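All values derive from a computational prediction rather than experimental measurement. Quick note on labels: first sequence line is chain A, next is B, and so on, each numbered from 1.
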Number of protein chains: 2
Amino acid sequence: MNVRTLCLAILYFGDATGYEIKKMSVEGRYAHFVDASFGSIYPALAKLEADGCLTVREEPQPGKPARKIYSITEAGRQQFIEALHEPPGPDVFRSAFLMVSMCADLLPRERVAQAVDERLADLSAEIEHLKQVAETTESAGVAWSVRYGITCLTASRDYLAATREDLEAIAVDPAGEPPGDTVAAE
Amino acid sequence: MNVRTLCLAILYFGDATGYEIKKMSVEGRYAHFVDASFGSIYPALAKLEADGCLTVREEPQPGKPARKIYSITEAGRQQFIEALHEPPGPDVFRSAFLMVSMCADLLPRERVAQAVDERLADLSAEIEHLKQVAETTESAGVAWSVRYGITCLTASRDYLAATREDLEAIAVDPAGEPPGDTVAAE
DNA sequence: TAGGCCATGTAACCGGTTACATGATTAG
DNA sequence: CTAATCATGTAACCGGTTACATGGCCTA
């Protein structure tokens, strides 16, 4: 999924400015597709408008640059539906935490514990966020997706909370050998 | 996590060639960090060697280019441990399936069912793969990580299998209005 | 009064992919 | 006979990020 399609997706469900699209792609319920920056969104919107997929309406604001509110056109809707029909690539999960847990035996216990705390906090925050989305959405598809997300994230959080002791026990003893020495003895 | 660190991680646990690193980063237990291509791995290994993080040993093979087997040096180990101490970014989950499920009401039921089938197959394949890794690993950290992964993926698969009817019921009736028209009526 | 939020946009950069070049061996 | 696997490497490209430019309003 590229920024172009993301813009189409967001605008399918309502008008928005580039600034709002950025926010939604980072914090909102569109956060699991591509996290686009201004440097990619503004050019994408301009291109989309030139292609006839969007229309703009400018709303002047005293002292600020005018808000450029984009609306999707029929051509834009069609392009999005087409994109939805394309075979989706496999889901991608990239985790720096996983690298820490795989290498727990190379790290001091406190470092591993810290990584677990952070991951647990991230997980809880995301679950809370999804619960808020669940309360505000009217779309059945979004509601199903949110329940799915909450289920997966909760399973992850619960397992991590229940087994963190096992993971932390793998880490090197802070009083024992300094990190690296155990394996470095080749 | 960039390709450089990935190479260091893989070579920390044993010598390998660029070709083998590629395979591990796509299929192996390193698949959840960056999926690097040859075009990024070979230059990274050359740079790493120039930086004194790796040593190479060439193993000539009749008719094929010589295998260049890389080994990590003490400097390389230190750099990897340092990378492990850096604050890891939040975990990233990117899903085209999620876009389909969120927009289920814009798609024909068969399209949604197909996406569910594919996702279910991906999930099962990955669970099977992790079970195989579990049988072969000797590292306690890898073993913990694999159990964690199996737990999360199983929760995901089970919930999807249990609620797929709900999701498919959201899709547009194939006998009814063609996709797009329901919402397009603005 | 400092910092964050609003709001747009451009240009340089960069990390990665894709395609290319080369070629023997093995499995279907 | 074809396709995949092994095995290395380069060059063009591209989609995205980062940093920059501008500036008023609101909150701590």
S.K.: List the residues meeting side-chain hydrogen bond (donor to acceptor under 3.5 Å, both in side chains) with A:Ser124, not counting sequence neighbours, and say none if there are none.
M.R.: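 Partners of A:Ser124 under the side-chain hydrogen bond (donor to acceptor under 3.5 Å, both in side chains) test: none.
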
S.K.: Reading nucleotides 7-19 of chain D from the 5' end, what letters show protein touch, with B for base, S for backbone sugar-phosphate only, - for no heavy atom under 4.0 Å?
M.R.: BBBB-----SBB-

S.K.: Using the side-chain contact (heavy atoms from CB on, under 4.5 Å) criterion, which residues pair with A:Gln79? Sequence neighbours excluded.
M.R.: A:Arg4, A:Leu8, A:Cys53

S.K.: Measure the distance from NZ on A:Lys22 to C1' on C:dA7 and round it to the nearest whole Å.
M.R.: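 Taking NZ of A:Lys22 and C1' of C:dA7, I get 12 Å after rounding.
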
S.K.: What residues form a ring pair (Phe, Tyr, Trp, His ring centres under 6.0 Å) with A:Tyr19, not counting sequence neighbours?
M.R.: A:Phe38

S.K.: Return the set of residues passing side-chain contact (heavy atoms from CB on, under 4.5 Å) with A:Val133 (not counting sequence neighbours), or none when no residue passes.
M.R.: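 In terms of side-chain contact (heavy atoms from CB on, under 4.5 Å), with neighbours along the sequence ignored, A:Val133 is linked to A:Arg29, A:His129, A:Val142, A:Val146.
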
S.K.: Checking A:Ala155 now: which residues fulfil side-chain contact (heavy atoms from CB on, under 4.5 Å) with it, not counting sequence neighbours?
M.R.: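 In terms of side-chain contact (heavy atoms from CB on, under 4.5 Å), with neighbours along the sequence ignored, A:Ala155 is linked to B:Ala155.
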
S.K.: Once side-chain hydrogen bond (donor to acceptor under 3.5 Å, both in side chains) is applied, do any residues pair with A:Thr163, and if so which ones, sequence neighbours excluded?
M.R.: B:Trp144

S.K.: Per the side-chain hydrogen bond (donor to acceptor under 3.5 Å, both in side chains) rule, what does the pair list look like for residues 30-42 of chain B, sequence neighbours excluded?
M.R.: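 Every pair satisfying side-chain hydrogen bond (donor to acceptor under 3.5 Å, both in side chains) with a residue in residues 30-42 of chain B: B:His32-B:Glu126.
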
S.K.: Do you see a donor-acceptor pair shorter than 3.5 Å between the side chains of A:Glu82 and A:Gln78?
M.R.: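 No, no side-chain donor-acceptor contact under 3.5 Å.
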
S.K.: Tell me, please, which residues at least two apart from A:Asp122 pass side-chain contact (heavy atoms from CB on, under 4.5 Å).
M.R.: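 If we apply the side-chain contact (heavy atoms from CB on, under 4.5 Å) test to A:Asp122, skipping adjacent residues, the hits are A:Arg119, B:Pro90.
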
S.K.: Write down the distance between CD1 (A:Ile21) and C1' (C:dA7), rounded to a whole number of angstrom.
M.R.: 13 Å

S.K.: Over the length of the helix from C:dT1-D:dA28 to C:dG28-D:dC1, how much do the five-pair end axes diverge, rounded to 10 degrees?
M.R.: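 Overall, the helix from C:dT1-D:dA28 to C:dG28-D:dC1 bends by 50° from one end axis to the other.
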
S.K.: Enumerate the residue pairs fulfilling side-chain hydrogen bond (donor to acceptor under 3.5 Å, both in side chains) with a member in residues 150-160 of chain A, sequence neighbours excluded, ordered by first and then second residue.
M.R.: A:Ser156-B:Tyr148

S.K.: Contacts to DNA chain C from residues 51-59 of chain B, heavy-atom cutoff under 4.0 Å, which residues?
M.R.: none

